[in-house]
2 protein chains.
Amino acid sequence: MSVTVNARILDMSRWEPDARGRMIRAAMELFAERGFEQTTAGDIAESAGVTERTFFRHFADKREVLFDGSEDMRRVTREAILAAPSEASPLDAALAGVTAGGGLLKDRRAHAVRRSAIIEANPALQERELLKLAGMAVTAAEALRERGTPEPDATLAAQSAVTVFQVAFARWVAEDDAADPAARIAETAAALRALR
Amino acid sequence: MSVTVNARILDMSRWEPDARGRMIRAAMELFAERGFEQTTAGDIAESAGVTERTFFRHFADKREVLFDGSEDMRRVTREAILAAPSEASPLDAALAGVTAGGGLLKDRRAHAVRRSAIIEANPALQERELLKLAGMAVTAAEALRERGTPEPDATLAAQSAVTVFQVAFARWVAEDDAADPAARIAETAAALRALR
DNA sequence: AGAGTTGATGTCAGTAACTGTCATAACCTG
DNA sequence: CAGGTTATGACAGTTACTGACATCAACTCT
């Protein structure tokens with residue numbers, strides 16, 4: 001059963017080469033050009049060579065097309081937290097998590113910048129981004145609890161790390177040169193700890 | 001000018017006694033009974049004795065009907081931060097802000113509990129709540145900056161305070177007896193500061 | 001090779017969230 | 001009382017989604 005499924009997944013690129021990727025690229029293009037609200041789901045579908053119905057089979061709603069990588073980031077964050085040394089404090093472990101998550105963006109700075117501009121221009125997209133970040137915090141808190149961190153420390157440390165990630169990411173996107181996001185995260189974490 | 005506006009506001013209760021309040025109450029009722037998605041805007045309007053169009057003139061969208069007090073909370077939070085003693089640290093000032101904001105809920109525990117249950121049951125409503133909390137953090141950071149706090153400290157302190165508010169509010173809602181939310185905020189703030 | 005199965009897609013009809021426009025009635029101001 | 005403002009109703013239109021059914025290609029099994 002698992003064999004069949006895997007074979008199918010590997011095959012996916014044959015019948016229609018990367019229809020999903022085409023929709024994502026088309027959406028980014030159109031959102032950047034005309035804006036999110038001025039782009040209909042039908043526009044994206046047409047531009048990607050599929051029907052509107054197919055678009056909604058791939059993405060739960062129009063906004064989701066911009067948040068394709070977020071599951072991966074959640075997974076990586078979780079794994080990094082669980083892999084952190086057991087002596088690490090909850091906050092340190094959570095920061096290691098979001099640093100690993102942020103590492104996924106390192107090679108895609110141009111895409112991240114473009115995407116951020118689109119999201120910043122639309123409150124509905126900001127809402128979805130906030131939901132994804134909240135989901136990341138929930139996952140991080142869960143991982144911390146598995147490491148033995150009690151509540152409310154797990155939630156507080158997880159949420160603090162996500163806050164650091166948000167601020168550091170914004171600074172990284174605003175930069176001219178393409179430093180590693182991890183550097184910004186470390187700086188921002190230091191600033192957070194310095195708060196009294 | 002301000003006089004005319006105020007006269008109107010005070011008069012509002014005459015022509016149609018509290019149409020807005022009726023819509024809010026009807027929405028809470030229906031959301032709690034059937035759920036958010038199973039309730040149409042038309043249902044709420046009808047139940048409040050107005051047209052669907054009137055509903056959308058009062059609320060930007062179906063979700064907004066649950067977030068009527070959030071502007072007040074933002075304003076109170078801002079004012080408390082600006083009123084905090086100038087010796088107070090950014091984090092202390094921000095915490096004073098959210099404590100004052102949370103004070104608005106003290107006398108409406110039953111309503112807050114009911115509302116929380118509705119929101120918790122629906123991701124779309126959670127998104128909106130997160131947007132409101134993010135707005136609160138932005139306002140708080142703004143107020144801190146007016147007090148002279150530089151970035152990124154203003155944003156970090158503001159966001160930390162909002163995180164404390166979220167956790168404390170969740171605990172306050174889950175409690176059986178109705179303590180002051182300020183007590184929970186203080187406890188949670190202490191836990192945050194104890195993180196290393 | 002041929003029949004049945006599975007997975008992605010197209011087609012089409014339907015619901016509900018909004019939005020724009022115009023008309024009306026109550027109120028306020030002068 | 002005339003004129004402007006404000007809240008509303010009535011109605012038409014767009015778009016985000018959803019469900020049901022048909023198709024078509026690849027894969028499985030025999």
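Everything numeric here is computed off the predicted structure, so don't read it as measured data. Residue numbers start from 1 in every chain, and the chains themselves are labelled A, B, ... in the order their sequence lines are given, proteins ahead of strands.
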> Does the side chain of Ile24(A) reach to within under 4.5 Å of the side chain of Phe59(A), using non-hydrogen atoms?
Replying inline: yes
> In whole angstrom, what separates Glu52(A)'s CD from dC17(D)'s P?
Replying inline: 9 Å
>> Are Val65(B) and Phe31(B) packed together at the side-chain level, in the sense that at least one heavy-atom pair is separated by less than 4.5 angstrom?
In response: yes
>> Between P on dA17(C) and CZ on Phe31(B), what's the gap in Å once rounded to a whole number?
In response: 9 Å
>> I need the CZ-C1' distance between Phe59(A) and dT9(C), as an integer number of Å.
In response: 15 Å
> With a cut-off of 6.0 Å (strictly less than), are more than 12 heavy atoms of other residues, nucleotides or ligands near CG of Asp177(B)?
Replying inline: yes
>> How many whole angstroms separate atom CD of Glu37(A) from atom P of dC17(D)?
In response: 12 Å
> Closer than 4.0 Å, any side-chain N/O of Thr54(A) to the OP1 or OP2 of dG10(C)?
Replying inline: yes
> Taking atom types as they are modelled, is there a donor-acceptor pair under 3.5 Å from the base of dG10(C) to the side chain of Arg57(A)?
Replying inline: yes
> Does the side chain of Thr51(A) come under 3.5 Å of the side chain of Thr54(A) through a donor N or O and an acceptor N or O?
Replying inline: yes
>> Distance check needed: dA7(D) P versus Arg53(B) CZ, whole Å only.
In response: 14 Å
> Whole-Å distance between dT15(C) C1' and Asp43(B) CG?
Replying inline: 12 Å
>> I need the CD-P distance between Glu64(A) and dC17(D), as an integer number of Å.
In response: 10 Å
> Does dA8(C) have OP1 or OP2 sitting under 4.0 Å from an N or O in the side chain of His58(A)?
Replying inline: no
>> Expressed as a whole number of angstroms, how long is the span from Lys62(A):NZ to dT14(D):C1'?
In response: 12 Å
> Quick one: which of dG10(C), dA17(C), dA16(D) gets closest to the side chain of Ala41(B)?
Replying inline: dA17(C)
